[in-house]
Protein chains: 2
Amino acid sequence: MSRAVQHPKKRGKLLGIHAVAAKARVSIATVSRTINRVPTVNPQMAKRVWAAIDELGYVPNIQARALGSGRSGVLGLVISEITNPFFPELIQGFEDVALASGYEILVSSTNYDPKRMELCIRRMLERKVEGVAVMTFGIEQPLVEELAERDVPLVFVDAGPERPGISLIKVNYHHGVRQGVQHLAALGHRKIGFISGPMHLHSARSRAEAFSLSLAECGIKPRAKWMLEGDHTMEGGIRAMEQILDSADRPTAVMCSNDMTALGVLHKAYRVGLRVPDDLSVVGFDDIHMAEVMIPPLTSIRMSRLDLAQAAITALRAHVEGTGPQREYQVDTRLVVRESTGYPPGAMTDLVKNGKAEPARRR
Amino acid sequence: MSRAVQHPKKRGKLLGIHAVAAKARVSIATVSRTINRVPTVNPQMAKRVWAAIDELGYVPNIQARALGSGRSGVLGLVISEITNPFFPELIQGFEDVALASGYEILVSSTNYDPKRMELCIRRMLERKVEGVAVMTFGIEQPLVEELAERDVPLVFVDAGPERPGISLIKVNYHHGVRQGVQHLAALGHRKIGFISGPMHLHSARSRAEAFSLSLAECGIKPRAKWMLEGDHTMEGGIRAMEQILDSADRPTAVMCSNDMTALGVLHKAYRVGLRVPDDLSVVGFDDIHMAEVMIPPLTSIRMSRLDLAQAAITALRAHVEGTGPQREYQVDTRLVVRESTGYPPGAMTDLVKNGKAEPARRR
DNA sequence: GGGACCTAAGAAAACGCTTTCTTGTCCGTT
DNA sequence: AACGGACAAGAAAGCGTTTTCTTAGGTCCC
């Protein structure tokens, strides 16, 4: 075997893998194989190579690697907006799971803006991601098409086009929502409102439907005037709450389709001097970390970020690595009872009058 | 000029730039030049090229581009933890500014974990970022060294090693903190506590010092027992608040070194039935978006995320593009008064008794 | 009208890896 | 002892761009 000299660089200095090869007195191929843990390299040589890598502080150029191997090792994550606390928690989960599977992630947010959405797609395409999880809670059609056409494995939440290479994560909203409604009904509520997300988004409709269904199950007739449309933001919650306050016949409890909306409701209630839960019960959705310290701590329907991330990455990997791609994955939701829900106003005194129950003491 | 055929790909299909070149009947060099808007290409040809790009839906491979040009066009952003709402807001700003300057960003969080920190560095190095903004509010020494040694332009907040290629963003904590302390003092508070961040972080110390200094300026003697150490989380705020509650001589107002801490304080106060601001005034720091809807809305010291992002990217660009790199950049802070601050307990009645003032009515 | 220059576009050489192709060795067979 | 197969490591061919180097045409000017 001849000496390993290949690309002498200007100024005599070798760069990157060549420098390592020279220092370890092996060929660059061997260095590459060592780094990639190809089992056939002689342990002796491997040791030399690692030593050289160490001494030189060599860090592989990931772009060159991607180019050479044709694999980027990156999974994309498209979210709605990073400033909604639900998403950072999701990102964290996604990153942890991805890392454990040997992938890096590329996060991009649409900000509900078509321009940004295009940017998202372009980024994913330019970076040659191996798969994309679209967790915007509202499938953006053009985005889908563009990616699907190029055979990028995709995973959506709730709903998405039926096509090979595309998986779905079905969130069982009904379970959690039913628990929530039953919880309220059990407390004595009959007048329950719902603040949805933007109704043009699929997940918003899913959640609203789950609510109507659950209501019916409890024998409560849904009233259209108590179905408000929010937009997943605090401001939307505040506006919806204002509508509720304006109406003559107010609900005694409100469910929100996410925790930010609930936060807005809580805020507005505080503003007008309505006590939660004494005057109004509030239920959130998502159970973001902060729900626990809201005032009062928010009863919410939990959707595990980790489960979601886990499912998404499992789905993507299944496609990328060709290991039995499944079309659907399930994620459950469940009620977490805290202190934003209580008896409807008047109920307590009635009960006490009738000697049927002790007044509930809140901490 | 000869026909432009260069790399015929297997299966007859050309890929990437070659396909475009073939379709437009030009050489790949011309395609590249067109895309990069080199002014010397014939408009005629350029039009043909763009048409071909359009028809083929060609998207350049960004890794190949980075490799060929030696420029990644990526700026790194290292943050502490993505689940603290301050950071997503910062990321958003950073991304917007970067985008406007023609850069992409790579965000990585340390999670206060040395292992993760190493991962951060490695990522930045592997991806060949052109500069890194370290906004962890606590300079991690090893991280710095590794990057600085490789001549990656860096920008820190508050403090960092004095070295070429490294810039600093000096946050004027004193301005905002002084306003906060004066605000409290004006309301009549003399017993003011402070919950800092982890004192081993530089920015935590800076904020604490600004507080002590401001206190002195108002002629109030700082009391060590009212200087608590938090950790920038809600939980830390809760713990600190517990300490405050345990002490016999409680402060009438508390300043927190970030809003999450304040949120914890608010929560704990609620838990024990302390009314804010009637029984205790609370001032936050950062003024995250959510501060506005906390219960009660939080008086906070605002540090503009956009200013921070702007300064960071300006600094980095100055180094990368060699346009008069400056060592220091300034960012200011200022008080935003909301409803978590009021007269100290007793003050109102005293004043009323003495006929000096009307009791303040809160909305 | 024929050099001396420009100019614009093609050819080809990087860029830093991965991976296939080759080749030299060492063994086991017969 | 000659031959074939394994095996490990080097050589070299990509990967998809950018960029340098060349070269084919035009202009200009005397």
Side-chain angles (χ1 to χ4, degrees), chain A residues 1-11 13-22 24-49 53 56 58-73 125-128 130, chain B residues 1-11 13-22 24-49 52-53 56 58-73 125-128:
Chain A
M1 294 162 213
S2 62
R3 264 301 305 289
V5 174
Q6 210 161 284
H7 259 314
K9 290 297 288 291
K10 51 193 139 187
R11 298 227 359 79
K13 284 271 184 220
L14 300 205
L15 227 45
I17 209 176
H18 292 108
V20 178
R25 301 189 317 282
V26 298
S27 71
I28 60 165
T30 300
V31 175
S32 174
R33 288 195 270 254
T34 306
I35 292 173
N36 293 296
R37 306 216 133 75
V38 173
T40 62
V41 315
N42 180 327
Q44 281 280 336
M45 292 200 141
K47 236 175 76 182
R48 284 221 310 273
V49 172
I53 287 176
L56 293 166
Y58 166 72
V59 176
N61 178 330
I62 219 168
Q63 349 218 37
R65 184 190 290 226
L67 195 54
S69 69
R71 297 206 37 187
S72 67
L125 254 24
E126 286 181 339
R127 286 258 143 75
K128 292 270 175 297
E130 300 185 17
Chain B
M1 293 157 215
S2 62
R3 264 303 304 290
V5 174
Q6 211 162 284
H7 260 313
K9 290 297 287 292
K10 53 191 138 190
R11 298 226 1 77
K13 285 271 184 219
L14 299 206
L15 228 46
I17 209 175
H18 291 108
V20 177
R25 301 188 319 281
V26 299
S27 71
I28 60 164
T30 300
V31 176
S32 174
R33 289 195 269 254
T34 305
I35 292 173
N36 293 296
R37 306 217 133 73
V38 174
T40 61
V41 314
N42 180 328
Q44 282 279 338
M45 293 200 139
K47 236 176 75 183
R48 285 221 309 275
V49 171
I53 286 177
L56 293 164
Y58 166 72
V59 176
N61 179 330
I62 218 169
Q63 348 218 41
R65 186 190 289 229
L67 193 55
S69 71
R71 297 205 38 188
S72 68
L125 255 24
E126 286 182 339
R127 285 256 143 72
K128 292 271 175 293

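Throughout, protein chains are lettered first and strands after them, A, B, ... in sequence-line order, and every chain is numbered starting at 1.
- Rounded to an integer number of Å, the gap from A/Ile28 CD1 to D/dG10 C1' is 10 Å.
- The shortest non-hydrogen separation linking B/Ser72 to B/Ala66 is CA-CB, 4.1 Å.
- Listed by residue number, B/Asn36 are the residues of residues 36-49 of chain B with a heavy-atom contact under 4.0 Å to DNA chain D.
- We find that OH of A/Tyr58 is positioned 10 Å from P of C/dG16, with the value rounded to whole Å.
- Looking only at distances, no side-chain donor or acceptor of B/Ser32 sits under 3.5 Å from a matching main-chain atom of B/Ile28.
- Looking at which nucleotide of DNA chain C each of B/Thr30 and A/Ile17 is closest to, the 5′-most match is held by B/Thr30.
- Following rounding to the nearest Å, B/His18 (NE2) and C/dA11 (C1') show an atom-to-atom distance of 11 Å.
- A donor-acceptor contact shorter than 3.5 Å is absent between the side chain of A/Glu126 and the backbone of B/Val59.
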Could you walk me through whether B/Ile53 and B/Ile35 pass the side chain to side chain contact (heavy atoms under 4.5 Å, CB included) check?
CA-CA 9 Å; B/Ile53 286 177; B/Ile35 292 173; 3.8 Å; yes

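- Residues passing the salt bridge (charged side-chain N to carboxylate O under 4.0 Å, His left out) test with B/Arg65: none are found, sequence neighbours excluded.
- Within the 3.5 Å criterion, the main-chain N or O of B/Arg25 finds a donor-acceptor partner in the side chain of B/Arg48.
- If you check residues 61-72 of chain B against DNA chain D, the residues with a heavy atom closer than 4.0 Å are B/Asn61, B/Ala64, B/Arg65, B/Gly68, B/Ser69, listed by number.
- Between B/Ser27 and C/dA11 there is no side-chain polar atom (N or O) within less than 4.0 angstrom of OP1 or OP2.
- With DNA chain C read from its 5' end, the first of the two nearest nucleotides for B/Arg33 and A/Ile35 is the one closest to B/Arg33.
- Look at CZ on A/Arg127: it is 14 Å from P on D/dT17, rounded to the nearest Å.
- Counting only distance, with no hydrogens or angles, the side chain of A/Asn36 and the backbone of A/Val38 share no donor-acceptor pair below 3.5 Å.
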Does A/Asn61 form a side chain to side chain contact (heavy atoms under 4.5 Å, CB included) with B/Lys128? I'd like the steps, not just the answer.
CA-CA 7 Å; A/Asn61 178 330; B/Lys128 292 271 175 293; 4.0 Å; yes

